[in-house]
Amino acid sequence: MPDAGKSEKPYAPRPLWYKDAIIYELHVRAFCDGTGDGIGDFRGLIHKLDYIQDLGVTAIWLLPFYPSPLKDDGYDIADYTSIHPSYGTLEDFRTFLEEAHRRGLHVITELVLNHTSDQHPWFQEARSSRNNPRRDWYVWNDTDDRYRGARIIFVDTEKSNWTWDPLSKSYYWHRFFSHQPDLNFDNPQVREAISDVIKFWMEMGVDGMRLDAVPYLVEREGTSCENLPETHEVLKFLRRKLDEQFPAGMFLAEANQWPADVRPYFGDGDECHMAFHFPLMPRIFMAIRLEDRKPIVEILQQTPEIPETCQWAIFLRNHDELTLEMVSDEERDYMYDEYAKDRAMRINVGIRRRLAPMLENDRRKIELMNGLLMSLPGTPAIYYGDEIGMGDNIYLGDRNGVRTPMQWSGGWTGGFSLADPERLYSPVVSNVQYCPQAVNVQSASRSPHSLLSWMKLLIRVRKSTRVFGRGSIEFLSPANHRVLAFVRRLGNETILVVNNLSSSAQAVELDLRNFKGAIPVEMSGGNIFPRIGELPYLLTLGAYQFFWFKLRRI
Ligand code: NOJ
């Protein structure tokens, strides 16, 4: 990551930049309103770039900001190559990009390629007549009984993956909302059109793209219509086109699947550079509740190796529900019981809550979870607002409760907008524990002991070495199961990470004979611990405490 700061250093992304990145996910609409209309926009975001830089993250991932009827918060795109008028203009976006780059921040945008909005002109043409040249850009059928093997994803709203189009008197295929018809990737024109979209944004200077909903690009009878070989061919095609022109570009796959099924999305380093590790996320929550390391260790041991140029992206929370698709039925029941007792907290197959409320605002748990996020293998992604411990509003419908305005200061709109609070695109969180008066950037910045200040320290320590982003992981197996201990290594650097997953103090004996003679240096304070010898290494940890040690060999 070039430390461009605010200097005039020219911006040039290094290859593999994503391996050392720390991603900050945000929604333009929710971040800062620069025009006073109650809706966040690029002007507001530009104004807040210093904050993002100061936090220490190195990449911004933007949720969809394109023209859209906003029935799926912008994942229903009506025009791939311009900006939703509420958020600004292409010129504003260019300025944002320049300003982000000037601060050494990479920019990742959304490529929602599986489907468009039904308002997209492509779909409007396709449905206008059965002979329209764009007809075949979508997936049509006279009956609604094809591809029965495909599950329904949005089970709370959709009854079928087919919807009747009264205009062209046939059914169209959609894996998500019925207003989001799936594109037909068997049609080479569609692949070319999407490749042009990639080119449009990469040429402008975007550094990477999150590929939304990639498992569902192609349909075949008699299959689940997920992860098909033909889907991988499409991705390889798009990657070839990317590499030809933008070798430092990056694709990040959203494939909510088991690790073995995600593995092919990396190909031989010729498909996606990154992919989210979905199954790990609920298991971190499980491990802390069970006070047992097993769920984390098991899933990481089942995670296959990936090509040298590839990287997992890991996260605790994002803009969607905390998905529970990649757990067993028993584990799902456990997660619902422990984290979503109130039914309003549940949606589809998951939990619509933010990090702090899920952890009962327990600062020690919030720190431990973030410590895991920053030390387990992969590139971490932080969801906006979680760095200050923002709350949610589970009564706002769909997933809107975790997409409320960023809380900058203690006023009625949380410093998000100069508009009247009633005019905001969404109410700010108003309960006493999490309202802007209680949780906001301004007061958190003033206190060296706030969660925000602590997060900055954590990020700084994480960035002090490349081991976390690039190193190997080996788990230790101490008798005390409440302790998760692992070693990260890269070249001749070794880091020992020890986490107490439980709510009470724990002692642990670690077999560190392989590191005999080394001195553990605690990384946040730089203090030296006793030299490692032959005997088991004894550590005591307070409730939810964790240590990162650099093992110094002298
Ligand atoms: C995945 C996105 O993360 C989610 O927010 C969206 O609703 C679906 N794709 C459908 O577009």
Side-chain angles (χ1 to χ4, degrees), residues 23 25-30 61-80 84 108-120 122-123 138-139 150-158 161 163 172-183 185 194 197 208-217 225-227 231 251-257 262 265 272 274-278 281-282 313-326 346-354 381-384 392 396-404 426:
I23 299 174
E25 176 193 1
L26 70 88
H27 196 354
V28 177
R29 162 152 104 148
W61 154 27
L62 296 177
L63 298 189
F65 48 74
Y66 317 99
S68 158
L70 300 181
K71 288 192 192 162
D72 184 15
D73 211 356
Y75 282 94
D76 46 334
I77 295 178
D79 176 356
Y80 279 105
H84 193 290
I108 302 168
T109 55
E110 286 276 348
L111 182 71
V112 185
L113 70 170
N114 177 67
H115 47 268
T116 68
S117 159
D118 57 7
Q119 301 306 305
H120 196 293
W122 295 345
F123 187 70
Y138 293 85
V139 183
R151 70 193 164 113
I152 292 167
I153 297 169
F154 285 167
V155 284
D156 285 2
T157 33
E158 301 301 328
N161 288 323
T163 288
Y172 61 88
W173 178 253
H174 55 87
R175 289 309 299 270
F176 294 93
F177 289 121
S178 57
H179 55 75
Q180 285 167 322
D182 276 29
L183 283 164
F185 276 93
I194 291 297
V197 173
M209 295 184 124
R210 170 187 179 271
L211 273 43
D212 185 68
V214 283
Y216 320 111
L217 302 185
C225 299
E226 298 187 13
N227 312 321
T231 287
F251 284 161
L252 163 56
E254 189 221 13
N256 185 359
Q257 304 282 333
V262 178
Y265 288 92
C272 295
M274 299 183 79
F276 285 108
H277 199 313
F278 276 94
M281 180 269 305
I314 61 177
F315 61 103
L316 300 172
R317 290 297 300 111
N318 63 17
H319 63 289
D320 285 327
E321 69 275 25
L322 188 163
T323 155
L324 296 174
E325 281 164 324
M326 294 302 127
R346 305 180 191 179
I347 184 170
N348 299 319
V349 189
I351 300 174
R352 50 175 164 194
R353 301 185 73 192
R354 264 191 184 267
I382 301 171
Y383 185 49
Y384 85 93
D392 51 35
L396 285 181
D398 201 351
R399 292 145 292 173
N400 297 326
V402 300
R403 300 175 183 181
T404 59
S426 150

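As the structure is a computational prediction, the values presented were derived from the model and not from experiment. Start at 1 and go down the list; that is how both ligands and their atoms are numbered.
- Here the CD atom belonging to Glu158 is positioned 12.0 Å from the CZ atom belonging to Arg175, to the nearest 0.5 angstrom.
- Each of Asp72, Tyr75, His115, Phe154, Phe176, Gln180, Arg210, Asp212, Glu254, His319, Asp320, Arg399, Arg403 has a non-hydrogen atom positioned under 4.0 Å from some atom of ligand 1.
- The existence of a salt bridge linking Asp72 and Arg399 is confirmed by a sub-4.0 Å separation between a basic side-chain nitrogen and an acidic carboxylate oxygen.
- The backbone N or O of Arg354 lies less than 3.5 Å from a partner atom in the side chain of Asp392, making a donor-acceptor pair.
- Salt bridge absent: Arg403 and Asp398 never bring a charged side-chain N and a carboxylate O closer than 4.0 Å.
- A salt bridge between Arg352 and Glu321 is absent, with no side-chain N of the basic residue lying under 4.0 Å from a carboxylate O of the acidic one.
- Between Glu325 and Arg151 a salt bridge is recorded (basic side-chain N to carboxylate O distance below 4.0 Å).
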